[in-house]
Amino acid sequence: MTAERFDPSVADGRWQAAWDEAKCFEADSASDKPKTYVLEMFPYPSGRIHIGHVRNYTMGDVLARYHAMRGREVLHPMGWDAFGMPAENAAMEKGVHPGGWTYANIETMKGQLKQLGFALDWSREFATCDAEYYGHEQALFLDLFENGLVYRKESEVNWDPVDMTVLANEQVIDGKGWRSGAEVEKRKLNQWFLKITDFAEDLLDGLSTLEGWPQKVRLMQENWIGKSQGLEFAFDLSNGEQLPVYTTRPDTIFGASFVAVAADHPIAQGVAAQSAEARDFIELCKKGGTTAAELETAEKLGFDTGITARHPFTGAELPLYIANFVLMDYGTGAIMAVPGHDQRDFEFASKYGLPIPRVVAPSVDEAAKPFDGEAEAGEGVLVNSDFLDGMSVEDAKAEVIARAEKGGWGKGTTVWRLRDWGVSRQRYWGTPIPFIHCEACGVVPVPKDQLPVKLPEDVSFDTPGNPLLRHPTWKDTACPVCGGKAERETDTLDTFVNSSWYFLRFASQPADKPFDAAEVAQWMPVDQYIGGIEHAILHLLYARFWTRALAHCGKLEVTEPFASLFTQGMVTHETYSRKDGPREVYFTPAEVDRTGNGAVLKEDGQPVSIGKVIKMSKSKKNVVDPEDIIRDYGADAVRWFMLSDSPPERDLPWSEAGIEGCGRFVQRLWRLFRQYDDSASGEDIGLARKTHQTIAAVAEDIEALAFNKAVARIYELTSAAEKAAPSADRNHAIRSLLLMASPMMPHLAEEGWAAMGGDGLVAEASWPEVDEALLVEDEVTIAVQHKGKLRDTLTAPRDASKEDLEALALASEKVQRSIDGAEIRKVIVVPGRLVNIVT
RNA sequence: GCGGGCGUGGCGGAAUGGUAGACGCCGGGGACUUAAAAUCCCCUGUCCUUUGAGACGUGCGGGUUCGAGUCCCGCCGCCCGCACCA
């Protein structure tokens with residue numbers, strides 16, 4: 001007979017090889033079956049798989065395997081988001097080539113993923129740093145260019161003068177470069193932009209169609225796009241100029257008591273040219289911090305320019321200030337300030353002694369009501385506002401916009417928070433932007449037949465800056481238009497571009513073009529996309545934009561790439577540390593022995609303190625290496641742990657005790673599988689019911705991604721089958737358990753399947769059938785309540801009538817004792833559930 | 001400030017308005033064993049000179065209902081996103 005214990009160290013590898021050989025997981029685009037595309041966010045090849053990847057890919061794997069069992073043709077691909085800074089950092093630190101470093105990491109991580117037995121179609125694997133992939137990306141970029149969605153613009157960037165590179169906002173810490181520590185400068189550079197703002201309305205509207213997305217993510221995107229509607233109009237200034245301003249509260253226009261512009265507004269610059277005082281003030285504004293806390297506490301500061309602005313209705317001359325709280329890159333960079341109904345304006349007016357008129361009040365009778373130390377931004381009726389008096393805020397907005405448009409001095413406009421997407425990066429390890437700079441012809445696209453523009457291999461990272469710019473010959477080329485001497489663009493594309501269309505390339509990968517529209521149409525949209533919440537905005541918005549942009553160019557039919565999105569929680573772990581003087585020294589879980597309530601350091605046997613359960617991070621050393629735990633417990637125990645206990649959208653606390661429990665359950669199921677007995681016969685109707693109910697419920701749970709609930713049901717049926725005597729129904733229960741567990745513990749399932757004499761591979765088996773007739777019980781337990789409190793339970797036929805149930809309930813001795821002769825006023829009967837007696 | 005989410009045993013968490021705490025972990029007790037490992041069984045929210053089909057119990061206070069963890073109103077606490085966005 002079979003081994004007493006399931007040995008993953010032998011079985012895992014055996015079945016992984018068997019799946020590879022049978023090509024179980026290669027998706028067939030030509031299949032007649034209905035299709036399901038399951039995708040997890042592809043990893044950055046940083047070096048090793050971490051536990052978050054394991055959780056992410058295990059969830060997707062369960063879905064992929066489950067849908068295959070349900071007769072779907074499943075596409076479940078994997079690849080590598082392989083461009084990016086860490087490779088260049090490694091090059092600088094260790095003197096290796098970014099490409100060599102990246103491909104070596106891919107090799108390692110692919111091996112690790114294989115150890116987990118994921119049902120991935122490796123035949124479609126690619127890395128975004130493959131010249132083939134980024135060549136196609138360059139072609140797509142040129143398509144967008146031809147369709148007017150790509151442009152160049154001078155814009156301000158964070159420049160690290162030591163590393164000689166542009167930094168993303170996140171790489172600027174306290175005004176200093178995160179690597180060099182150098183004071184970051186603002187520099188104006190010519191940058192490439194994608195016109196994502198052309199799609200702002202469309203991206204916003206599309207959100208309402210994404211019913212399979214978490215509400216949270218939809219709201220985050222909505223806020224990010226930031227649509228606001230209001231009035232744009234221009235003030236006539238006392239110096240003869242015009243000042244356009246934007247407001248979302250045109251209704252409060254009679255409450256405007258000053259006008260303010262941003263420090264970098266042209267008007268401010270003009271004033272600064274005349275006044276040293278103004279220059280000093282502008283300098284001061286630029287120094288202000290940008291962190292949340294700083295902004296919250298930052299004092300409102302202003303500089304009176306001496307210029308005045310004429311109010312369009314009253315003709316009053318309002319003072320014009322340069323103010324530190326006005327932003328240049330939103331609206332027009334200038335505002336009409338209404339202190340009574342905007343908190344910032346209120347603070348500013350209070351400080352500089354400007355009038356704070358009330359123009360909105362709870363009722364018309366309260367036009368003179370004083371303010372209670374702060375602005376009132378809420379609803380009400382208009383007061384002290386001439387022809388607007390008595391109107392609602394909404395009506396007044398419309399009225400002012402209508403008058404402004406009629407008078408030709410302003411118009412209703414929509415303003416977006418969303419900015420165009422700057423994609424230029426002064427880095428080596430990215431997709432070269434396929435353009436050429438010619439002195440005679442300007443900026444010209446590289447002809448498509450010359451793609452890919454490949455990265456040079458012979459680069460050095462010995463000195464800071466962009467290696468492409470420094471390379472002795474790479475940028476030298478001929479102008480494709482005039483044939484004269486020209487230079488290649490040395491900027492590369494933001495890595496978010498790479499991940500904005502990879503799902504299309506997974507679906508279809510012809511050699512001569514980025515993808516085939518018809519083949520893509522067969523797979524897209526992705527039915528279930530799974531990844532971390534950290535990509536809720538940028539990646540998902542960019543991918544939605546690229547899909548729309550490509551559709552706009554006629555390359556695609558679909559507009560929304562991801563029909564359903566699931567954002568999984570993090571894997572967390574408690575921390576172990578000791579105080580060493582003022583600083584906290586952390587220890588890895590492997591260095592620590594967990595005892596009852598405490599923990600001791602293995603090395604010296606002395607206690608360490610147990611800290612909070614937080615996200616695994618290198619700095620807190622609370623990490624576990626997937627490879628270690630796979631070695632100790634086998635892939636299936638690790639996978640099972642990832643699915644048990646915590647709902648998948650919440651954080652999952654890793655624990656040694658938990659993984660041990662999972663390891664035990666793997667063996668427990670194995671022992672049950674061994675009890676499968678062909679010679680057993682006879683019925684066990686109770687177990688049969690439980691089996692069919694479990695099959696139906698587990699299917700429902702998996703489809704809802706409620707893996708923790710599916711796991712609990714499998715535990716329950718396992719217990720029931722263990723306790724049951726041998727019978728044909730018990731054999732069926734065991735077989736069904738094996739099949740239900742197979743998406744989660746595929747190696748164990750294959751091993752058990754083989755031992756039971758099942759045909760072929762479980763990976764290619766079908767989901768067990770449900771007998772609907774067995775889903776309902778003949779007899780049900782009825783709760784009997786007296787005045788809403790449980791007094792007794794009784795067993796009754798499933799279809800017992802209300803009258804019968806009432807009679808049964810009243811016959812209960814316990815119930816009678818509780819009623820104690822009181823008058824029965826009402827009896828509520830819910831058939832099949834309960835009886836509630838009210839006295 | 002704006003927007004969103006969440007508060008249930010020692011812990012992770014179950015619960016279409018209908019028996020709160022399924023399932024797992026931890027803990028306790030027992031069986032098997034020369035012993036250990038492995039495994040199996042039982043107990044495990046709080047309280048109680050009524051040990052009982054008792055009382056209390058899902059952050060707090062109200063409400064709706066025959067019945068509320070679930071619905072409504074008002075608080076408190078924690079978490080996340082955005083943020084001087086006019």
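These numbers come from a predicted model, not from an experiment. Naming convention: chains lettered A, B, ... in sequence-line order (proteins, then strands); numbering from 1 in each chain. The analysis underlying the following values was restricted to heavy atoms, covering all of them including side chains, and did not include hydrogens, waters or symmetry mates.
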Ignoring hydrogens and geometry, is there a side-chain-to-backbone donor-acceptor pair from A:R713 to A:V698 under 3.5 Å? no
A:I322 CD1 to B:A86 P, straight-line distance once rounded to whole Å: 22 Å
Using a distance-only test with no angle check, is there a side-chain donor-acceptor pair under 3.5 angstrom linking A:S812 and A:D792? yes
Can you identify which nucleotide, out of B:C41, B:U19, B:C40, has its nearest atom closest to the A:R671 side chain? B:C40
At less than 3.5 Å, do the side-chain atoms of A:R833 and the base atoms of B:U16 form a donor-acceptor pair? yes
Of the candidates B:A86, B:G12, B:C66, the side chain of A:T247 sits closest to B:A86
Would you say B:C66 has OP1 or OP2 under 4.0 Å from some side-chain N or O of A:K826? yes
Does A:L687 form a side-chain contact (heavy atoms from CB on, under 4.5 Å) with A:L717? I'd like the steps, not just the answer. CA-CA 8 Å; A:L687 185 63; A:L717 183 59; 4.2 Å; yes
Nucleotide nearest A:S228 (side chain, heavy atoms from C-beta), chosen from B:A86, B:C80, B:C56: B:A86
Strictly below 4.0 Å: does A:R791 bring a side-chain N or O up to OP1 or OP2 of B:G54? yes
Between B:C84, B:A55, B:A38, which nucleotide has the shortest distance from any of its atoms to the side chain of A:K300? B:C84
Counting side-chain heavy atoms from CB outward, which of B:A53, B:A86, B:A14 is closest to A:K709? B:A14
Under 3.5 Å, is there an N or O donor on one side and an acceptor on the other linking the side chain of A:N836 and the base of B:C66? yes
5'-to-3' dot-bracket of RNA chain B (Watson-Crick, G-U; under 3.5 angstrom; crossing pairs as [ ]; | other strand): (((((((..(((.....[....))).(((((.......))))).((((...).)))..(((((..]....))))))))))))....
Select one nucleotide: of B:U16, B:G4, B:A86, the one nearest the side-chain heavy atoms of A:Y330. B:A86
Salt bridge flag under 4.0 Å for residues A:R674 and A:E4: no
Just confirming the chi classification of B:G9, syn or anti, using 90° around 0 as the syn window. syn
